[in-house]
Amino acid sequence: MTAEYVLTLSCPDRPGVVAAVSGLLARHGCNITESQQFGDPVSERFFMRVQFTAEVAADELRGDFAALAPDFGMELQLFDRAVLPRVLVLVSKFDHCLNDLLYRVRSKTLGIEIVAVASNHPDLRPLTQSHGIDYHHLPVTPATKERQEQEILTLVDHYRADLVVLARYMQVLSADLCGKLAGRVINIHHSFLPSFKGSRPYHQAHARGVKLIGATAHYVTADLDEGPIIEQEVARVNHTHSPEDLVAIGKDLESQALARAVKWHADHRILLDGHKTVIFPR
């Protein structure tokens, strides 16, 4: 039976990488349907994403690529495109990003399976359960934060979640949790640049008379809102826009940027390059 795979890799930039990868695939009778690569002149690393069809089992391919990897210092992963990433969504009270993700999953345009939603508030239980998805209320206080984060990890394990999405989850994850889920948590930040932290960001932006507002989707690290940026979306505003106008515009920007980031992650189009990302969009 023919299967469709995605191979992603990074390694020191040197001649012969593409030839070695394509040669291995050719020996297995694979058909390359999409191939993208990038050599970073600063980090001197090479990045590649190859999408292909094959009649060979994934384990056999992984074994042969594992044997090839040491020759080039490759860090590589092989994914079966038929297996959708399992996603745990964390939310608070804002529903726009969650509602957008749920709609895109139902319309089969996002390429993920939302296996559960968890929140520090009960408000979004009806919305979540209307889609037939489990909802977990995990209250948190400064005194219970460590225990609540352990409950989040328990949910990750229980649902075998590949990715955690913070869909306007208004809690700061601890450095310990960030470390345990490194590269597996995507957040949406309510600013084009991480300029307005804390509560009421659009009111802060209005008070400063900004001309651009936006949203930044990024991987979560221990540095608040400073993780590797995946996607950004912006809109022009002016003095006629009220703080409420900015909030409404911002909700759309946040939903769009987060959805694209999740889709690219699910389609294995993002590779980490130090504190940056390499994106291979379709």
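Here, residue 1 is the first one in the sequence, and each next residue gets the next number.
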Where V17 and R14 come nearest, the two heavy atoms and their spacing: CG2-O, 3.5 Å

Pair H96, E254 - check side-chain hydrogen bond (donor to acceptor under 3.5 Å, both in side chains), show working. CA-CA 9 Å; H96 54 286; E254 292 163 15; 2.6 Å; yes

Determine, stepwise, if the pair V140 / Q171 fulfils side chain to side chain contact (heavy atoms under 4.5 Å, CB included). CA-CA 9 Å; V140 62; Q171 293 289 317; 3.6 Å; yes

With no hydrogens and no angle check, just 3.5 Å: does a side-chain donor-acceptor pair link D176 and S174? no

Whether the side chain of T216 engages the backbone of H189 through a donor-acceptor N/O pair (distance < 3.5 Å, no angle test) should be reported. no

Please test S255 against D252 for side-chain hydrogen bond (donor to acceptor under 3.5 Å, both in side chains), starting from the C-alpha separation and ending with a verdict. CA-CA 5 Å; S255 298; D252 287 340; 5.6 Å; no

Can you measure from CZ (F79) to OH (Y5) and round to the nearest 0.5 angstrom? 13.5 Å

I'd like to know if D64 pairs up with R27 as an ion pair, taking the criterion as any Lys NZ or Arg NE/NH1/NH2 lying under 4.0 Å from an Asp or Glu carboxylate oxygen. no

Can you check whether V50's main-chain N or O pairs, donor with acceptor, with Q37's side chain at less than 3.5 Å? no

Mind checking the OG1-CD1 spacing from T8 to I270? Nearest 0.5 Å is all I need. 11.0 Å

Run through the side-chain heavy atoms of Ile, Leu, Val, Met, Phe, Trp and Tyr, join any pair under 4.5 Å, and report what else lands in L181's cluster. L88, L90, V115, L138, I152, L153, L155, V156, Y159, V164, L166, Y169, L173, L177, V185, V220

E146 atom CD, over 12 foreign heavy atoms within 6.0 Å: no

Find out whether H206 and E244 are in side-chain contact, i.e. whether some heavy atom of one side chain is under 4.5 Å from a heavy atom of the other. no

Any L124 side-chain heavy atom under 4.5 Å of V117 side chain: no

Checking K263 side chain against T109 main chain: does a donor-acceptor pair fall under 3.5 Å? yes

side-chain contact (heavy atoms from CB on, under 4.5 Å) with I112: which of V89, V165, L84, V262? V262

Look up atom CG in L102 and atom CG in L98, then write down how far apart they are to the nearest 0.5 Å. 4.0 Å

Partners of F47 by ring pair (Phe, Tyr, Trp, His ring centres under 6.0 Å), sequence neighbours excluded? none

Minimum heavy-atom separation for A257 and E233, please, with both atom names. CB-CB, 4.1 Å

Rounded to the nearest 0.5 Å, how far does OG of S92 lie from CZ of R168? 8.5 Å

Single-linkage hydrophobic cluster F72~L9, side-chain heavy atoms < 4.5 angstrom: yes

Residues H131, T128; criterion side chain to side chain contact (heavy atoms under 4.5 Å, CB included); working and verdict: CA-CA 6 Å; H131 287 260; T128 300; over 6 Å; no

ILVMFWY clustering at 4.5 Å (side-chain atoms), partners of V42: none

Side chain of R49, backbone of L271: donor and acceptor closer than 3.5 Å? no

Main-chain N/O of D162 paired with R86 side-chain donor or acceptor, under 3.5 Å: no

Salt-bridge criterion met for R81 and D267 (N-O under 4.0 Å): yes

Report yes or no: do I133 and Y135 belong to one cluster of Ile/Leu/Val/Met/Phe/Trp/Tyr joined by side chain heavy-atom distances under 4.5 Å? yes

Rounded to the nearest 0.5 Å, the OG1 atom of T277 sits from the CH2 atom of W264 at a distance of 8.5 Å

Is there a donor-acceptor pair closer than 3.5 Å between any side-chain N or O of S242 and the backbone N or O of D245? yes

Donor-acceptor pair, side chain of T53 and main chain of E4, under 3.5 angstrom: no

For residues G111 and A266, report the shortest heavy-atom separation together with the two atoms involved. O-CB, 3.5 Å

Kindly give the heavy-atom pair with the smallest separation between R269 and Q36, and that separation in Å. NH1-OE1, 3.5 Å

G73 and P12 have their tightest heavy-atom pair at O-CD, 3.7 Å

Tightest non-hydrogen contact, residues I249 and A235, listed as CG2-CB, 3.8 Å

Using modelled atom types only, decide if a donor and an acceptor are shared between the side chain of K93 and the backbone of M170 within a distance under 3.5 Å. no

From R260 atom CZ to R104 atom CZ, the distance as rounded to the nearest 0.5 Å: 8.0 Å

Under the 3.5 angstrom rule, does the side chain of R45 hit a backbone N or O of D273 as a donor-acceptor pair? no

Carefully, step by step, assess L272 and Y219 under the rule side chain to side chain contact (heavy atoms under 4.5 Å, CB included). CA-CA 10 Å; L272 288 175; Y219 286 113; 3.9 Å; yes

Judged by atom type as modelled, is there a donor-acceptor pair below 3.5 Å linking the side chain of R62 to the main-chain atoms of L78? yes

Please examine the side chains of K251 and Q256, heavy atoms only from C-beta on, and report whether any two atoms are closer than 4.5 Å. no

According to a hydrophobic-cluster definition based on side-chain heavy atoms being under 4.5 Å apart (Ile, Leu, Val, Met, Phe, Trp, Tyr only), do L68 and F52 belong together? yes

Can you list the steps and then say if K180 with E149 is a salt bridge (Lys or Arg N to Asp or Glu O under 4.0 Å)? CA-CA 11 Å; K180 290 176 179 176; E149 289 195 338; over 6 Å; no

Start with the C-alpha distance between F38 and I279, add both sets of side-chain angles, then the distance that settles side chain to side chain contact (heavy atoms under 4.5 Å, CB included), and finish with yes or no. CA-CA 10 Å; F38 170 68; I279 310 288; over 6 Å; no

